[in-house]
Amino acid sequence: MASTAIGSRSLLELLGEWRTDGPSYEALSDRIRLLVIDGRLLSGIRLPAERELAAQLKVSRTTVTAAYQRLREQGFAVSRQGSGTRTALPGRAASPSAPTQGVLDFTKAALPAPSMMADAVRRASEQVVSLLGDTGYDTVGLPVLREAIARRYTARGLPTDADEVLVTVGAQQAIALISRALVSRGDRALIEVPTYPHAYDAIGAAGARIVTTPVSVDSRDGWDVETFESVLRRTSPSVAYVMPDFQNPTGRSMTASVRRRLLDAAAAQGTVVVADETPAELDIDRPETYPPLAASANGARVITIGSASKTMWGGLRIGWVRADRQTIRRLHAVRANMDLGTPVLDQLVVAALFESYDTVLAERRLVLARGRSAIERIVPDSFPEWNVPHVHGGLAAWVNIGAPVSSQLALAVRSEGLLITAGPRFGVDGAFERFLRIPLTRDESQVERAVAALQRAWPAASRHPLPEPGMLAAVV
């Protein structure tokens with residue numbers, strides 16, 4: 001479990017250069033508020049005592065007291081006699097940062113439901129009648145859905161049987177389940193940076209000691225394979241979590257050479273590769289396509305994660321794990337302590353959508369291509385100094401904004417009607433202040449509105465760049 005308190009030194013590292021031209025107490029409370037909004041400070045974490053934090057920050061205790069009071073007034077902290085001040089997330093109705101009418105939410109790189117969703121729901125509603133005599137508690141997955149998933153893997157070049165599939169409540173549960181089953185407290189686990197933040201959270205919550213390997217939008221191959229191999233040799237992690245196709249948030253995909261070297265290195269160390277392939281089929285115009293990573297395992301043990309949320313609809317909380325039968329049985333045994341099963345109706349809807357999956361993907365590719373075109377045209381026109389990488393698929397662009405001000409910009413632009421996640425949410429220890437993740441899932445008019453808001457917020461946010469932390473090759 002995550003710690004229920006944060007020390008003053010750890011908070012200082014997260015805060016970075018928090019001071020602005022305004023009152024110190026406002027700047028401090030704004031920075032802590034952003035850390036809570038971004039998820040870098042979880043709700044319910046006890047903040048340092050006022051005197052202790054004041055000494056660490058070299059400010060008066062009055063400044064910290066006023067900052068904590070402002071956080072309480074905004075709903076981002078609560079205090080109780082004897083238990084200190086804890087972070088909080090205000091209710092949507094009371095939150096000054098909650099989305100309201102007219103506010104653009106760019107924090108979610110996700111698509112609306114496809115055109116055939118209504119028909120899939122109708123068919124699923126008819127099919128569920130035959131299952132109403134059962135209890136509805138399903139911890140493995142309906143046969144019809146597991147068979148559909150297996151057929152899809154087989155068609156993509158990875159022969160799969162239905163009993164090699166476990167259906168979960170979304171990909172996040174799949175990651176948490178694998179972490180609980182395969183990671184013991186104190187084990188090392190390798191992840192890419194930047195990465196999908198909920199994966200980092202789930203693996204860390206299992207008690208893993210995180211080691212990292214970088215993914216870059218600038219390098220030829222994206223992955224620094226030599227660093228990956230070196231970290232594996234030095235740390236022998238129990239698992240390595242990777243996103244080989246349209247990596248979140250960079251949008252990069254592994255080349256054949258990178259895949260081969262990654263798998264060979266993992267096989268040599270006995271490291272289990274957890275391949276998160278949730279965005280793998282969101283291809284716009286990639287020059288080369290590859291089968292699932294497990295199809296080229298070559299002696300490595302690979303567990304594959306998939307999800308209906310990215311390609312079908314976020315409202316369908318359906319994910320799955322594809323692995324060997326022994327691993328599936330182990331994961332199923334661990335799951336018994338987590339929940340009582342996956343929603344039956346959602347499973348039937350996903351199974352129905354798999355029948356027209358190629359049509360679903362064709363719709364997705366068209367929307368993503370239009371969003372990519374809008375971003376690549378509008379952002380450089382307004383911010384010539386920003387670097388917008390050309391991605392061949394996935395859900396977002398990882399944009400280099402040229403200065404370490406991502407957190408300030410994300411906070412400042414909220415008052416301009418735009419919600420966007422700061423780059424460090426995808427990193428470790430405050431890294432990636434030079435980046436913003438901009439979804440490809442929005443139409444041209446929405447991109448124009450978002451960029452206009454960023455333009456209005458940029459002058460104030462860019463006045464106080466943060467010192468950039470060094471990229472960590474390994475954190476042990």
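This structure is a prediction, so every number in the text was calculated from the model and none was measured.
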Asks: Is a donor on one side and an acceptor on the other found under 3.5 Å between the side chain of Ser382 and the backbone of Val379?
Replies: no
Asks: Return yes if some donor-acceptor pair links the side-chain N/O of Arg123 with the main-chain N/O of Leu353 below 3.5 Å, else return no.
Replies: no
Asks: For the ring-ring contact (aromatic ring centres under 6.0 Å, His included) test, which of Phe246, Trp386, Phe426 pairs with Trp398?
Replies: Phe426
Asks: Would you call Arg449-Asp105 a salt bridge at under 4.0 Å N-O?
Replies: no
Asks: Check whether the side chains of Ser253 and Arg286 place a donor and an acceptor atom closer than 3.5 Å, and report yes or no.
Replies: yes
Asks: Is the side chain of Arg434 donor-acceptor paired with the backbone N or O of Gly402 at a distance under 3.5 Å, no angle test?
Replies: yes
Asks: Could you tell me whether the side chain of Arg317 reaches within less than 4.5 Å of the side chain of Gln173, counting heavy atoms only?
Replies: no
Asks: Please answer whether the main-chain N or O of Leu348 pairs with a side-chain N or O of Asp346 as donor and acceptor at a distance below 3.5 Å.
Replies: no
Asks: What do the steps show when you test Lys310 against Glu281 for salt bridge (charged side-chain N to carboxylate O under 4.0 Å, His left out), and what is the final call?
Replies: CA-CA 9 Å; Lys310 301 302 184 187; Glu281 295 199 75; over 6 Å; no
Asks: Between atom CG of Leu262 and atom CG of Leu293, what is the distance when rounded to the nearest 0.5 Å?
Replies: 6.5 Å
Asks: Closest approach of Ala174 and Ile305, non-hydrogen atoms and distance?
Replies: CB-CG2, 4.1 Å
Asks: Whether the side chain of Ser406 engages the backbone of Phe435 through a donor-acceptor N/O pair (distance < 3.5 Å, no angle test) should be reported.
Replies: yes
Asks: Is there a side-chain contact between Met338 and Leu177 (heavy atoms, below 4.5 Å)?
Replies: yes
Asks: With a 3.5 Å cut-off and no angle check, do the side chains of Thr250 and Gln247 form a donor-acceptor pair?
Replies: yes
Asks: Say whether, by atom type as modelled, one donor and one acceptor occur between the side chain of Arg146 and the main chain of Gly141 under 3.5 angstrom.
Replies: yes
Asks: For the backbone of Asp324 and the side chain of Glu164, can you confirm whether one donor and one acceptor N or O come within less than 3.5 Å of each other?
Replies: no
Asks: Judged by modelled atom types alone, do Gln347 and Thr342 share a side-chain donor-acceptor pair under 3.5 Å?
Replies: no
Asks: In terms of heavy-atom contacts, does CZ of Arg86 have more than 12 from other residues, nucleotides or ligands at under 6.0 Å?
Replies: yes
Asks: Would you check if there is a donor-acceptor pair between the side chains of Thr304 and Tyr153 at a distance under 3.5 Å?
Replies: no
Asks: Which pair of heavy atoms, one from Ala308 and one from Val350, lies closest together, and at what distance?
Replies: CB-CG2, 3.8 Å
Asks: Check the pair Arg335, Asp339 against side-chain contact (heavy atoms from CB on, under 4.5 Å), reporting the backbone distance first and the verdict last.
Replies: CA-CA 7 Å; Arg335 184 183 183 179; Asp339 68 22; 3.0 Å; yes
Asks: Kindly indicate, with the supporting measurements, whether the criterion side-chain contact (heavy atoms from CB on, under 4.5 Å) is fulfilled by Leu142 and Val344.
Replies: CA-CA 8 Å; Leu142 295 177; Val344 171; 3.9 Å; yes
Asks: Return yes if a side-chain donor-acceptor contact under 3.5 Å exists between Tyr241 and Asp276, otherwise no.
Replies: yes
Asks: Give, for atom CG of Leu35 and atom CZ of Arg425, the distance between the pair rounded to the nearest 0.5 Å.
Replies: 10.5 Å
Asks: Quick test of your reading of the model: are Asp245 and Arg259 salt-bridged, counting only N-O distances below 4.0 Å?
Replies: yes
Asks: Step by step, would you call Leu366 with Ile284 a side-chain contact (heavy atoms from CB on, under 4.5 Å)?
Replies: CA-CA 8 Å; Leu366 182 60; Ile284 300 173; over 6 Å; no
Asks: The test is salt bridge (charged side-chain N to carboxylate O under 4.0 Å, His left out); show your working for Arg260 and Asp264 and say whether it passes.
Replies: CA-CA 6 Å; Arg260 182 173 61 253; Asp264 287 347; 5.2 Å; no
Asks: So, do Val273 and Ile303 sit near enough that their side-chain heavy atoms are less than 4.5 Å apart?
Replies: no
Asks: Can you check whether Gly44's main-chain N or O pairs, donor with acceptor, with Thr87's side chain at less than 3.5 Å?
Replies: yes
Asks: Is there a donor in the side chain of Ser216 and an acceptor in the side chain of Arg252, or the other way round, less than 3.5 Å apart?
Replies: no
Asks: Provide the closest heavy-atom pair for Pro237 versus Thr271 in the form atom of the first, atom of the second, distance.
Replies: O-OG1, 2.7 Å
Asks: Mind running side-chain contact (heavy atoms from CB on, under 4.5 Å) on Leu419 and Leu104 for me, showing each step along the way?
Replies: CA-CA 6 Å; Leu419 309 180; Leu104 272 178; over 6 Å; no
Asks: For the side chain of Arg437 and the backbone of Thr107, is there at least one donor-acceptor N/O pair under 3.5 Å apart?
Replies: yes
Asks: Do Ser238 and Ser184 come within less than 4.5 Å of each other through their side chains, counting heavy atoms only?
Replies: no
Asks: Ignoring hydrogens, what is the shortest heavy-atom contact between Gly394 and Leu440? Give both atom names and the distance.
Replies: O-CD1, 3.6 Å
Asks: Between Thr441 and Leu111 (side chain of the first, backbone of the second, donor and acceptor by atom type, cut-off under 3.5 Å), is there such a pair?
Replies: no
Asks: Shortest non-hydrogen contact from Trp223 to Val258?
Replies: CB-CG1, 4.0 Å
Asks: Quick one, Arg261 and Glu229 - any side-chain contact, counting heavy atoms below 4.5 Å?
Replies: yes
Asks: Report the C-alpha separation of Thr311 and Arg364 in whole Å, then their side-chain angles, then the decisive distance to 0.1 Å, and conclude whether the side chain to side chain donor-acceptor pair (under 3.5 Å) test is met.
Replies: CA-CA 7 Å; Thr311 56; Arg364 289 356 205 157; over 6 Å; no
Asks: Please examine the side chains of Asp161 and Glu147, heavy atoms only from C-beta on, and report whether any two atoms are closer than 4.5 Å.
Replies: no
Asks: Measure the spacing between CE of Met116 and CD of Glu355 and express it to the nearest 0.5 Å.
Replies: 12.0 Å
Asks: Is any side-chain heavy atom of Pro292 closer than 4.5 Å to one of Glu277?
Replies: yes
Asks: What distance do Ile420 atom CD1 and Glu416 atom CD have between them, rounded to the nearest 0.5 Å?
Replies: 13.5 Å
Asks: Under the salt bridge (charged side-chain N to carboxylate O under 4.0 Å, His left out) rule, what do Arg329 and Asp163 come out as? Steps first, then yes or no, please.
Replies: CA-CA 9 Å; Arg329 287 194 293 269; Asp163 55 3; over 6 Å; no
Asks: Can you tell me how far CG of Asp283 sits from CD of Glu288, rounded to the nearest 0.5 angstrom?
Replies: 11.5 Å
Asks: Working to the nearest 0.5 Å, report the span between OG of Ser309 and CG of Leu316.
Replies: 7.0 Å
Asks: Does a side chain donor of either Glu192 or Thr213 reach within less than 3.5 Å of an acceptor in the other side chain?
Replies: no
Asks: Using a 4.5 Å cut-off on heavy atoms from C-beta on, say whether the side chain of Val274 contacts that of Ile175.
Replies: no
Asks: Closest heavy-atom contact between Pro214 and Thr227?
Replies: CD-CG2, 3.9 Å
